Amino acid sequence: MKLDCVDKATSKVFMKLGQRIGHSPGYFIIVPLLVAALFSTGIQRIKYQDNPEYLFSPINGRSRSERKTVEKYFHVNTSENFDLGRLTRPSRLGRLIVVAKDGGSVLTKSVFKELVHLDDIIQNLNITWKEETYTYKDLCAKVERNSCFENNILDFKEKIKDIEEGRQLLQYPVMINKVTQKRYNMAAFLGGVQTDELGFVEQALAFNLFYPLDTDIKNGKARAKLWEQIFLQTLEDLQLEEIVFGYFVSDTLESELEKNTQSVKPYFIVTFLIMIVFSILACVTFDAVRSKPWLGVLGCFSTCMSLSAAFGLVIYCGLDFIGINLAAPFLMLGIGMDDTFVLLAAWRRTNPKHSVEDRMGDTYAEAAVSITITTLTNFISFLVGVITPFPSVQIFCIYTAIAVLFTYIWHITFFGSCLAVSGYAEKRNLHGVVCIPTTPKSLAKNRGFFFRICCTGGINDKDPENLDDKSDIVLMSFFRDGVGGILTRFPVKLIVIFIFMGYLAVGLWGCTMVKEGLERHKLSRFDSYSVLFYALDDKYFRKHPYRIQIVVEGEIDYVNAKVQEVIENMLKAFEDSDYISNSSLTESWLRAYSSFQNDGRTSGLFSGLNMSNSRDFIIGLKDVFLRLPLTKRFKQDIVFNKLGTAIIASRFLVQSENIFNANQEKNMLVKLREIADSYPFKTTVFNQYFLYWDQFILVRETSIQAISVAAAVMMVISLLFIPSISCAVWVAFSIISIEIGVIGYMTLWEVNLDSISMINLIMCIGFSVDFSAHISYSYISVNNESSNDRIKKALYSLGTPILQGSISTILGVLSLAFAPSYIFKTFFKTMFLVILFGALHGVLLLPVLLSLSDYCCSKTKHKDTVTSKIGNPMFINPKDKVSIVGSVGKGSKPLTNTLPSKDSIAYRDLEEERVVTWITSSNNGLKRQENILSAEKDLEFDTNVEENRRKSSPSATQPNSVYCSVNEEYDNVAFETDDKIEYLAAP
């Protein structure tokens, strides 16, 4: 089986489809309109999903099972035992970070005074719920029944003068009041701290205040949400003299995701208008009949219609809608217009003398295969994204994959039928804009300049061969003669390769600097109130940012000294790691209980108990130790069996230290799990942010896996439709090269590897194939030409649509560059890079590589130059495997092997389907007609030739050979291979 079987079969199917559309375009206009209207009704059922934890944490992340483990044994009740360090899920709260306006220490009387005033404002915020008024004290989370959580740093308001003057010292990171034995976690409340050698605070640059809310009471969640809204409204316009502050509430991330969605909506109309204008300009030529400005508009309309239908259908299927999906319309406009330009370029290369049906068949036979390849690659690359473990990636890829498929279907049907209607107008020589009869340029030479530019075009029926009416499209000629002419020079080829080697080197260097992680602030708009909060948090509170829970499961005999030793060694292993603070911030009930037993001041409390006995150990723990005011907090860290005779789970807490970025968060998580897994007990480590950090761990591995799968599939598709091993190899190289470039340069452009950029990288696989596939398919479609000629013809065919398609795609996403959102700016950056690199690979690098590989692999050359009369250059034997065709094209009855005067002859290879045309000259010589030579499809013939042929006498005596005179370089037909066409030299 030949490699080109899929290509040929697909081409034939699309030729028939194109002819069908050309015959009855009305059906293919009405049906897509009705289907789009039906599916688009699904948009009214849209359901937004903006939960950041669900969207950006992997569904197979280990932290999900870790949280289940913690919540199986330990539950924080906001009505009676609230503890910030023991939370497993985000809790309703307001949070403040306060700094001095002058940037100095906050431990001054003036700053502290305003801090207390700010606290009073918040404490007195009230809401009305069911005609009742509630203040913060009514809604606050309780550490004990009827006892609100307190920002105990405010206990020092009476002593702030002494602190400022150095008479009162604050211990950092933990301080215990020796009189009241009250514990102060200074690391939680003070930021930007400088201490002396003894650990006493010399300077603090920020305060951190928390206002958690009770959500476990009836209507608690709804009232807490309302209070958060009042909290935000109050602080939004509040200005104080000595301090500035950043603020945050529990649903800030969700609300910011929604605001991200709203931020790009105003750009839809702008982008659509830009695309309309560009499409009109791109479809206009100096020939008023061949200009197709309305097709540019209809190409945009077809894309929008298909996108609406695709989204409506997916919403009907019950899939949630996310804000990131709003990037899809910008992408689809680019994809749709790329298909528009490819179809239009193919139409312009057809013979205007043919019927619209035949021209549509030829257009689809050539262009539809090309856009089928690009659609398949884009569609499958998005489907690959569905297998990733990130819901945000999955949802976006499903919506976009269906949108790509629908855009393709609508362009093949609706836009194709619009092209056919335009073709009928062109056949009647109607103006491309106002549809009125137009004068051919050959008949308007004496008219004014503007008339000739704007109001002339088409073909003169009385003189269809007039060259004035057959001018090439300027841009297409530029790519053939300008770009193609330069690329055919060997030194230029070497320069191109060296430039791309430099590009690749920089890209590889950038790949070594990739950073993983999607920081919280990147989910907010740039103008959000939360930006200041995140900036202050990152600047002042990264010294001790996270409380880590360590849960040990199983019925373990804690009275056993060896067990206690293993537990103690495990805690020390955590504390000795680079990411955990020392034991001063560790909470261990076992350490505290052991110290309590060994303290001579408290040993009398255990009289009568044998503490080496398991039963007495549990009794002393429950009835003595956990009843004391300073140690009763450990009740939340121990779970007894139903009989209360053994411990089945216990919890310890350690404090992270010096975590400044996402990479350190990832490394800390990996290290903590490694330590937990190295001990014999079933040990779980957890913090509520672990769900986000799992993304950091999996994003690199998942990206590599998804990109590899997508790239492999793209190569298979390319080989199926582009039946050339060398082309498939170079397309694969282009995919790898473009992907390396995008990853490397996006890193240098300050884009991290995260779930947002992963979407783009997966998408880039499909887009990177587009231009390479176009050029490769066009290149191999040129038969029996030198490699340099193939470059020129490939660029002539697709250089213009590649340029137009890349510009339209960049214009489609250009407005995202101005969106105040990291998410959408990332889409712009990656799309800009992939389109730029893809276009440069397609127009410059790939033609060079294909021509060099052709040159190196070719063993024989079939190029002869004839500069004088050649007697009897060929004799066509009627028994040979050759069909002679005339003006009626393929399938016509063979002509005789003699040429009447003023007639023409063409031979067609039945296997390769190549057609070459020769015309008799006045001296009965044979001249090759270069301007109608085509290696991709049947050549077009003048109907007058056929009439002359039929008028000639069929019974005339025919000589055995034809005498040929050629005054130009041409392919010597006598050197065709024997298995294709058999020629016998005349004696």
Side-chain angles (χ1 to χ4, degrees), residues 69-77 79-83 85-86 88 142-147 174 176 178 180-183 547-575 583-654 676 679-686:
T69 298
V70 177
E71 291 181 342
K72 176 181 177 182
Y73 299 106
F74 306 102
H75 173 68
V76 174
N77 189 318
S79 299
E80 56 185 36
N81 66 350
F82 178 81
D83 189 308
R86 290 171 168 82
T88 57
K142 313 295 191 302
V143 293
E144 295 178 354
R145 289 190 179 276
N146 302 319
S147 178
V174 175
I176 298 177
K178 295 182 180 179
T180 62
Q181 295 298 305
K182 186 173 182 178
R183 178 186 175 92
R547 202 81 174 135
I548 311 298
Q549 303 180 47
I550 304 169
V551 175
V552 179
E553 293 182 80
E555 192 169 309
I556 300 172
D557 187 11
Y558 285 94
V559 72
N560 189 308
K562 290 185 178 180
V563 172
Q564 293 185 17
E565 182 181 359
V566 173
I567 296 292
E568 182 61 24
N569 289 338
M570 181 179 68
L571 291 177
K572 286 182 177 179
F574 282 112
E575 292 165 350
S583 60
S584 63
L585 290 174
T586 299
E587 291 186 66
S588 169
W589 67 268
L590 188 57
R591 279 181 183 173
Y593 189 34
S594 298
S595 299
F596 189 79
Q597 296 175 47
N598 299 325
D599 193 327
R601 296 170 296 177
T602 57
S603 58
L605 297 175
F606 296 104
S607 60
L609 295 176
N610 179 7
M611 299 308 293
S612 61
N613 178 272
S614 297
R615 176 177 172 277
D616 289 349
F617 181 89
I618 296 298
I619 292 174
L621 179 63
K622 293 172 60 179
D623 297 343
V624 179
F625 181 72
L626 296 180
R627 290 178 179 270
L628 299 175
L630 293 179
T631 57
K632 61 184 178 182
R633 71 180 186 278
F634 290 124
K635 285 183 178 181
Q636 301 180 61
D637 299 329
I638 304 171
V639 179
F640 299 96
N641 61 11
K642 293 181 180 180
L643 299 177
T645 58
I647 298 172
I648 59 174
S650 68
R651 174 169 59 185
F652 308 92
L653 289 96
V654 294
Y679 283 87
F681 309 124
K682 187 177 180 181
T683 306
T684 300
V685 290
F686 183 74

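Everything quoted here is computed from the prediction, not taken from an experiment. The chain is numbered in sequence order, starting from 1.
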**Request:** Give a yes or no on this: more than 12 heavy atoms of other residues, nucleotides or ligands lie within 6.0 Å of atom NZ of K622.
**Result:** yes

**Prompt:** Should V76 and F82 count as side-chain neighbours, where that means a heavy-atom distance under 4.5 Å?
**Reply:** yes

**Message:** Just so I know, are the side chains of P680 and V566 near enough to count as touching, which here means a heavy-atom distance under 4.5 Å?
**Reply:** yes

**Request:** Mind listing the closest non-hydrogen atom pair of I550 and M570 along with its distance?
**Result:** CG2-CE, 4.2 Å

**Asked** How long is the span from the CD atom in Q636 to the CG atom in N77, to the nearest 0.5 Å?
**Response** 9.5 Å

**Prompt:** Would you say the side-chain atoms of D599 pair up with the backbone N or O of S595, donor to acceptor, closer than 3.5 Å?
**Reply:** no

**Prompt:** For the side chain of N641 and the backbone of T645, is there at least one donor-acceptor N/O pair under 3.5 Å apart?
**Reply:** yes

**Request:** Without swapping roles, check the side chain of D616 against the backbone of N610 for a donor-acceptor pair under 3.5 Å.
**Result:** yes

**Message:** Is any side-chain heavy atom of Y73 closer than 4.5 Å to one of T684?
**Reply:** no

**Request:** For the pair Y558 (side chain) and F617 (backbone), establish whether a donor and an acceptor sit closer than 3.5 Å, ignoring hydrogens and angles.
**Result:** no

**Asked** Does R591 reach the side chain of L571, with side-chain heavy atoms less than 4.5 Å apart?
**Response** yes

**Item:** Point-to-point distance, once rounded to the nearest 0.5 Å, from OG of S614 to CD1 of I619
**Value:** 11.0 Å

**Asked** Does the side chain of F652 reach to within under 4.5 Å of the side chain of L590, using non-hydrogen atoms?
**Response** yes

**Prompt:** Considering all heavy atoms of both residues, which atom of I648 and which atom of F640 are nearest to each other, and what is their separation?
**Reply:** CD1-O, 3.9 Å

**Request:** Answer yes if the side chains of S594 and N598 hold a donor-acceptor pair under 3.5 Å, and no otherwise.
**Result:** no

**Prompt:** Is any side-chain heavy atom of N613 less than 4.5 Å from a side-chain heavy atom of V559?
**Reply:** no

**Asked** Considering only heavy atoms from C-beta outward, does the side chain of L605 approach that of F596 to under 4.5 Å?
**Response** yes

**Fill in**
Distance col, row R183:CZ vs L630:CG, nearest 0.5 angstrom, shows 10.5 Å

**Request:** Mind checking the OG1-CG spacing from T586 to L653? Nearest 0.5 Å is all I need.
**Result:** 9.0 Å

**Request:** Quick one: closest heavy-atom pair of A573 and Y679, and the distance?
**Result:** CB-OH, 3.6 Å

**Asked** Given E587, which of R651, R86, Q549 fulfils the side-chain hydrogen bond (donor to acceptor under 3.5 Å, both in side chains) condition?
**Response** R86

**Request:** I would like to know whether F574 and V685 meet side-chain contact (heavy atoms from CB on, under 4.5 Å); could you show each step before the answer?
**Result:** CA-CA 10 Å; F574 282 112; V685 290; 3.7 Å; yes

**Message:** For a side-chain contact (heavy atoms from CB on, under 4.5 Å) check, start with the C-alpha distance between D83 and V143, then their side-chain angles and the critical distance, and finish with the verdict.
**Reply:** CA-CA 7 Å; D83 189 308; V143 293; over 6 Å; no

**Request:** Step by step, work out the side-chain contact (heavy atoms from CB on, under 4.5 Å) result for L621 and W589.
**Result:** CA-CA 10 Å; L621 179 63; W589 67 268; 4.0 Å; yes

**Prompt:** To the nearest 0.5 Å, what is the distance between OG (S588) and OH (Y593)?
**Reply:** 13.0 Å

**Item:** Lys/Arg-Asp/Glu bridge criterion (N-O < 4.0 Å) met for K632, E144
**Value:** yes

**Asked** Taking only residues two or more places apart in sequence or in another chain, which ones pass side-chain hydrogen bond (donor to acceptor under 3.5 Å, both in side chains) with K182?
**Response** D155

**Asked** Are the side chains of I556 and I647 in touch, meaning some heavy atoms are under 4.5 Å apart?
**Response** no

**Request:** Rounded to the nearest 0.5 Å, what's the gap from CD1 on I567 to OG1 on T683? Could you check?
**Result:** 6.5 Å

